[in-house]
Amino acid sequence: MPVHIVGESRLLRDMFLAICQSNDYQIGTCCDELSTLAGLGIDDLVLYYSHETGPELVEELRQFKEGNDASLLILIMGRECSTSMQTALSAYAEAVIPQRKSAEALIAALRVVQSGYRIVPSDISAALRAADVTTSGGDRTAETLAAAPPPELELAETVPADRINGSLPQSGSGTCALTGDTTSRSGATVPTDLRRMPASAAACGLSGREWLILTKLIDGATNKSIANELSICEATVKVHLRTCFRKIGAKNRTQAAIWASEQFLS
């Protein structure tokens, strides 16, 4: 997935370029105006720096998305803006990040967005949870992410990309219950068969999908094999595991696998 870097400052573009290259990202176009980019597809990700925070920026993003709807956009804000403005910008950007965040936070955002999630202001996430919205499927991942924000992204929460559209729950949706089956993004039914999640695991706040992934660790499964089995991308597995580690207090895969094994005896 090529990363296109846009910003009026040549110095800042070079800085973002160096950060992306040092993390092995393929670089596409580097330019000073968003309107320069056209005809981008689902394999394109745009990193756009802007010091504007007003309605002009919202309109600029809207026009960009009209011509490049399939591409992914991460907006880096040069100035602080209100939550309401972040909400407006999030209608067109998969992530809105202030420039005060670190390079590690930027790379974390890139990976989360590539995995099919959006990083949105917390008020949007709260509204989505209150409405109990779910994904409607599609090419991007439809996994429910009950995770903390990536490192240093405390201002936002992550939700599946398609959930931002606010589709209401449908029968047979891909939400994951504590037991039973889930639907992968390919439409295939994935049997959970996860030895029924014990109450101790639920008390830690684990979702059914997170518990399922933990039980795979007991069997020594790799991230790649878990991703293939569940029809999700490997980066999504890593996000789920980081969330699991945080919830159960594990520092690594071994500790997590031991903890999960102990729950069967509790």
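Just so you know, these numbers use all the heavy atoms, side chains as well, and skip hydrogens, waters and symmetry mates. The shown structure was predicted, so the numbers you read here are calculated from the model rather than taken from an experiment.
Hydrophobic clustering (side-chain heavy atoms under 4.5 Å, transitive across Ile, Leu, Val, Met, Phe, Trp, Tyr) keeps Ile258 apart from Phe245.
No donor-acceptor pair under 3.5 Å is formed between the side chain of Ser231 and the backbone N or O of Ala227. In this structure a side-chain-to-backbone donor-acceptor pair under 3.5 Å is present from Ser9 to Leu12. A side-chain donor-acceptor contact under 3.5 Å links Lys247 to the backbone of Gly205. Distance alone, capped at 3.5 Å, is enough to place a donor-acceptor pair between the Lys65 side chain and the Ser71 backbone. Asp69 places no side-chain N or O within donor-acceptor distance of the main-chain N or O of Glu66, the cut-off being under 3.5 Å. Within the 3.5 Å criterion, the main-chain N or O of Leu73 finds a donor-acceptor partner in the side chain of Glu94. A donor-acceptor contact shorter than 3.5 Å is absent between the side chain of Thr236 and the backbone of Ile232. The closest donor-acceptor contact from the side chain of Ser22 to the backbone of Ala18 lies under 3.5 Å.
Side-chain contact between Val46 and Phe64 is present, with at least one heavy-atom pair separated by less than 4.5 Å. Using a 4.5 Å heavy-atom cutoff, the side chains of Asp32 and Arg13 are in contact. When side chains are defined from C-beta on, Thr254 does not count as touching Leu217, because their heavy atoms never get closer than 4.5 Å. The shortest side-chain heavy-atom distance between Cys20 and Leu110 falls under the 4.5 Å cut-off. With contacts defined as side-chain heavy-atom distances shorter than 4.5 Å, the pair Leu241/Lys238 does not qualify. With contacts defined as side-chain heavy-atom distances shorter than 4.5 Å, the pair Val3/Gln26 does not qualify. Looking at heavy atoms from C-beta onward, Leu230 lies in side-chain contact with Ile226 at the 4.5 angstrom threshold. At least one side-chain heavy atom of Cys244 sits less than 4.5 Å from a side-chain heavy atom of Leu206.
Look at Glu229 and Lys216 and you find a salt bridge, because one of the NZ, NE, NH1 or NH2 atoms lies within 4.0 Å of a carboxylate O, short of that distance.
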Where do His240 and Val237 land on the side chain to side chain contact (heavy atoms under 4.5 Å, CB included) test, with the steps shown first? CA-CA 5 Å; His240 279 306; Val237 175; 5.7 Å; no
Worked verdict on Glu80 versus Arg100 for salt bridge (Lys or Arg N to Asp or Glu O under 4.0 Å): CA-CA 9 Å; Glu80 296 293 335; Arg100 58 185 170 80; 3.0 Å; yes
Stepwise side chain to side chain donor-acceptor pair (under 3.5 Å) check, Thr87 with Ser84: CA-CA 5 Å; Thr87 300; Ser84 61; over 6 Å; no
Show your reasoning for whether side chain to side chain contact (heavy atoms under 4.5 Å, CB included) applies to Ile76 and Ser50. CA-CA 6 Å; Ile76 301 174; Ser50 176; over 6 Å; no
Could you go step by step and tell me if Tyr48 and Glu60 meet the side chain to side chain donor-acceptor pair (under 3.5 Å) rule? CA-CA 11 Å; Tyr48 179 37; Glu60 182 182 15; 3.0 Å; yes
Please report the C-alpha distance between Arg62 and Val58 in whole Å, then the side-chain angles of each, then the deciding distance to 0.1 Å, and finally whether the side chain to side chain contact (heavy atoms under 4.5 Å, CB included) criterion is met. CA-CA 6 Å; Arg62 186 193 67 77; Val58 177; 5.5 Å; no
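For the atom pair CG (Leu47) and CG (Leu75), the distance works out to 9.5 Å, reported to the nearest 0.5 Å. Atom-to-atom distance recorded for Leu72:CG and Ile74:CD1 is 8.0 Å, nearest 0.5 angstrom. Between atom CD1 of residue Ile107 and atom CD of residue Gln114 there is a gap of 9.0 Å, rounded to the nearest 0.5 Å. The distance from the CG atom of Leu89 to the CE atom of Met77 is 5.5 Å, given to the nearest 0.5 Å. Note: Tyr92 OH to Glu59 CD = 7.5 Å, rounded to the nearest 0.5 Å. The line from CD1 of Ile248 to CD of Glu210 is 10.0 Å long, rounded to the nearest 0.5 Å.
Considering every non-hydrogen atom in both Ala256 and Ala250, the closest pair reads N-CB, 3.8 Å. Taking each heavy atom of Asn23 and Arg111 in turn, the nearest pair found is OD1-NH2, 3.8 Å. Minimum interatomic distance between Trp211 and Ala201 (heavy atoms only, all atoms of both residues): CE3-CB, 3.8 Å.
The side-chain hydrogen bond (donor to acceptor under 3.5 Å, both in side chains) with His4 is formed by just one residue from the set Thr36, Asp44, Asn68; it is Asp44.
Annotation: Glu8, atom CD; neighbour count of heavy atoms from other residues, nucleotides and ligands within 6.0 Å does not exceed 12. Heavy-atom neighbours of Met15 CE from other residues, nucleotides or ligands within 6.0 Å: at or below the threshold of 12.
Using a 30° and 60° split on the angle between ring planes, Phe16 and Tyr49 fall in the tilted class, from 30° to 60°.
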